[in-house]
Amino acid sequence: MEKNPLLSVRNLRTYFYTEDGVVRAVDGVDFDVYEGETLGIVGESGSGKSVTSLAILRLLDPKGKIEEGSEIIFNGKNLLTLTEDEMRRIRGNDIAMIFQEPMVALNPVFTIGDQIMEAILLHQDVDKKKAREMAIDMLRKVGIPEPEKRVDEYPHELSGGMRQRAMIAMALSCRPKLLIADEPTTALDVTIQAQILELMKELQKEYGMAIILITHDVGVIAENADRVVVMYGGKVMETSDVRTTFKTPKHPYTWGLLNSIPRLDIEQERLYSIPGMVPDPLHFPAGCRFSNRCEFGEEKCSVEMPPLVEVESAHMVRCFFYHKVEQAQKLSKAGEGA
């Protein structure tokens with residue numbers, strides 16, 4: 001029997017209306033998230049990953065608008081039809097978010113404890129004394145030493161890794177069903193990065209929550225996600241389970257991202273890089289958003305947007321010529337084996 005998704009995003013279009021024109025930051029995105037799983041969303045900066053996460057919680061800039069026809073179904077409710085008061089009860093309680101930069105996301109004039117307690121007092125039927133105990137317990141859970149002391153400290157008194165742990169404690173204080181982690185390891189050194197990701201895994205098992213993990217780091221997705229959505233230019237380019245995506249990528253963009261990772265098992269004179277830059281969202285190419293950077297594209301790609309089609313079971317790709325990537329992969333493997 002097929003499980004119902006915890007979250008279903010359908011035809012999500014998030015546009016920003018600026019003086020220079022309409023920025024189509026997210027333009028027709030579909031994906032599902034199931035209970036207890038980790039869905040990775042990967043892509044370069046400017047792909048629409050963070051705007052997608054902010055749209056789910058309806059936390060967009062005033063210039064941003066979620067267009068008609070979009071649907072965000074969480075636990076059977078369309079979040080886009082709820083009142084602001086109803087959304088406030090969901091934010092931090094059923095859906096929580098770890099923002100990109102904890103030094104910016106945390107309020108510098110309130111203690112760490114006050115900021116964790118705010119969410120607890122808003123959503124839980126407890127008094128301040130109990131909320132403080134719960135805040136201390138959460139700080140202990142995320143591995144912050146001397147939580148009884150740290151609870152009264154301000155963000156600037158903590159290191160980058162400690163601030164990120166405090167953000168996780170705040171996000172998980174009400175045991176949400178869904179955690180959105182937007183670049184949770186940005187600006188952290190690799191040792192602390194590994195600790196933070198391992199901590200998220202442990203807490204996910206303990207609470208049974210689903211995670212949307214947003215990053216530009218393909219390696220982080222490979223190690224931590226169950227399924228992956230590859231985004232580019234505000235659109236989903238490829239989606240499948242992580243093993244399939246990494247073993248047999250079908251989209252030229254996914255292929256380029258994976259080839260950009262340094263490898264120890266083969267000798268590389270020079271690291272591969274995808275040519276060009278992510279296009280200005282005010283001036284996307286007329287056809288495929290990736291057409292001006294694609295080494296496999298043909299004339300059709302520059303004038304017609306390819307549909308997202310299922311090429312194998314639960315493996316969706318937005319490309320007219322994905323078979324060329326398959327051929328390139330075979331040639332690459334043959335070269336490695338020679």
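The basis for the numbers below is simple: all heavy atoms, side chains too, and nothing from hydrogens, waters or symmetry mates.
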Is there a side-chain contact between [X] and [Y], using heavy atoms and a 4.5 Å cut-off?
X	Y	answer
Phe290	Ile274	yes
Phe16	Asp61	yes
Lys141	Pro147	no
Leu12	Phe31	no
Tyr232	Pro279	yes
Leu7	Ile212	yes

Hey, which of [options] is the one that makes side chain to side chain contact (heavy atoms under 4.5 Å, CB included) with [X]?
X	options	answer
Val26	Val236, Leu54, Val51	Val51
Ile95	Leu6, Leu179, Ile180	Ile180
Val33	Ile56, Val229, Val9, Leu39	Leu39

Supply the atom-to-atom distance [X] [atom1] to [Y] [atom2], rounded to the nearest 0.5 angstrom.
X	Y	atom1	atom2	result
Arg150	Leu139	CZ	CG	10.0 Å
Ser173	Asn93	OG	CG	9.0 Å
Phe320	Glu298	CZ	CD	11.0 Å
Arg88	Leu82	CZ	CG	12.5 Å
Leu308	Arg318	CG	CZ	5.0 Å
Glu133	Glu148	CD	CD	11.0 Å

- Task: For the pair Lys49 (side chain) and Met231 (backbone), establish whether a donor and an acceptor sit closer than 3.5 Å, ignoring hydrogens and angles.
- Result: no
- Got a donor-acceptor contact below 3.5 angstrom from the Thr215 side chain to the Glu183 backbone? no
Identify the two heavy atoms, one from [X] and one from [Y], that lie closest to each other, and give their separation to 0.1 Å.
X	Y	answer
Leu59	Arg91	CD2-NE, 3.6 Å
Asn11	Ser70	O-OG, 3.1 Å
Lys177	Phe74	CB-CZ, 4.2 Å
Tyr322	Lys250	CB-O, 3.3 Å
Pro252	Phe296	CB-CD1, 3.6 Å
Asp182	Ser50	OD2-OG, 2.8 Å

- Is there a donor-acceptor contact under 3.5 Å linking the side chains of Ser302 and Ser291? no
- Check: Thr38/Gln204 side-chain N/O donor and acceptor closer than 3.5 Å: yes
- Query: Should the pair Tyr253 and His251 be assigned to parallel (<30°), tilted (30 to 60°) or perpendicular (>60°) ring geometry?
  - Reply: perpendicular
- Query: Can you list the steps and then say if Glu153 with Glu146 is a side chain to side chain contact (heavy atoms under 4.5 Å, CB included)?
  - Reply: CA-CA 11 Å; Glu153 291 185 348; Glu146 300 180 282; over 6 Å; no
Are there over 12 heavy-atom neighbours, none belonging to [X], within less than 6.0 Å of that residue's [atom1]?
X	atom1	value
Glu35	CD	no
Phe110	CZ	no
Glu157	CD	yes
Glu84	CD	yes

- Message: Enumerate the side-chain hydrogen bond (donor to acceptor under 3.5 Å, both in side chains) contacts for residues 110-131, please, sequence neighbours excluded, ordered by first and then second residue.
- Response: Thr111-Asp114
